[in-house]
Each structure stands twice: as structure tokens, then as C-alpha cells.
Undergrad: 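This is the structure, below, for whatever I ask next.
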Amino acid sequence: MYHQLKKLAADERAKVLNTELRKDEFQILEYLADHLQTDESEIREDMAKHGWYYIIELNRFVKVEAEQASL
């Protein structure tokens, strides 16, 4: 099912993922990945290509611009 989400723009995909991660049944990305019939690493890698990174402490994807990242 994640392949269907990949049809969306990365910003929209992040919005959907973050909305789902707020639900009680998806308290961690691994649970959501199982529900989407994919691997957690596939979601992380796909989103990272577009500058979206999963922050475990926030349980959400956050957009990180290259100029914002520290060395």
C-alpha cells in the first residue's frame, strides 16, 4: 500500500504519514510500515531522498533543508 502513497508529492506524503503516526494504533513507524505492507527502512529512505527525516522522539517526519543541517 505504500507504493500508492508514493504517487503523492513528498510534502503530501509526509502529511499523510504524520497524520497516521498520531493515531493510537501507529505509535511508532514500524507499526505504520506493517500496516502499509512495507518495511520501515523503505519509508525512511524514500522520504529522506526528499529531505524528510523521521525523528523518533517526535514520532513524525520533519523537513530538513540542507542549509539548516549542522555539520
Undergrad: Would you say Gln37 and His3 make side-chain contact, with heavy atoms under 4.5 Å?
TA: no

Undergrad: Find out whether Leu29 and Phe61 are in side-chain contact, i.e. whether some heavy atom of one side chain is under 4.5 Å from a heavy atom of the other.
TA: yes

Undergrad: What is the minimum heavy-atom distance between Asp39 and Ala33, and which atoms define it?
TA: C-CB, 4.0 Å

Undergrad: Quick one: do Met47 and Tyr53 end up in the same hydrophobic cluster if we chain Ile, Leu, Val, Met, Phe, Trp and Tyr together by side-chain heavy atoms under 4.5 Å apart?
TA: no

Undergrad: Is it true that Ile28 and Val62 fall in one hydrophobic cluster, defined by side-chain heavy atoms closer than 4.5 Å?
TA: no

Undergrad: State whether Glu45 and Lys49 are salt-bridged, where the test is any N-O pair (Lys NZ or Arg NE/NH1/NH2 against Asp/Glu carboxylate O) under 4.0 Å.
TA: no

Undergrad: Would you please say whether a donor-acceptor pair under 3.5 Å links the side chains of Trp52 and Asp11?
TA: yes

Undergrad: Can you list the steps and then say if Arg13 with His50 is a side-chain contact (heavy atoms from CB on, under 4.5 Å)?
TA: CA-CA 10 Å; Arg13 199 160 51 239; His50 303 283; 3.3 Å; yes

Undergrad: For atom CG of Leu58, decide whether the heavy atoms of other residues, nucleotides or ligands shown that lie under 6.0 angstrom number more than 12.
TA: yes

Undergrad: Of all heavy-atom pairs between Glu40 and Glu30, which one has the smallest distance, and what is that distance?
TA: OE1-CB, 3.6 Å

Undergrad: Answer yes if Val16 and Tyr31 sit in the same cluster of Ile, Leu, Val, Met, Phe, Trp and Tyr residues linked by side chain heavy atoms under 4.5 Å apart, and no otherwise.
TA: yes

Undergrad: Partners of Tyr2 by ring-ring contact (aromatic ring centres under 6.0 Å, His included), sequence neighbours excluded?
TA: none

Undergrad: Could I get the full list of side chain to side chain contact (heavy atoms under 4.5 Å, CB included) partners for Asn59, not counting sequence neighbours?
TA: Leu21, Tyr54

Undergrad: Taking the side chain as every heavy atom from C-beta outward, state whether Leu5 and Glu12 have any pair of such atoms under 4.5 Å apart.
TA: no

Undergrad: Taking all non-hydrogen atoms of both residues into account, name the closest pair between Met1 and His35 and its distance.
TA: CE-O, 3.9 Å

Undergrad: Give the cluster check for Ile55 versus Leu17: same hydrophobic cluster or not, with ILVMFWY residues linked at side-chain heavy-atom distances below 4.5 Å.
TA: no

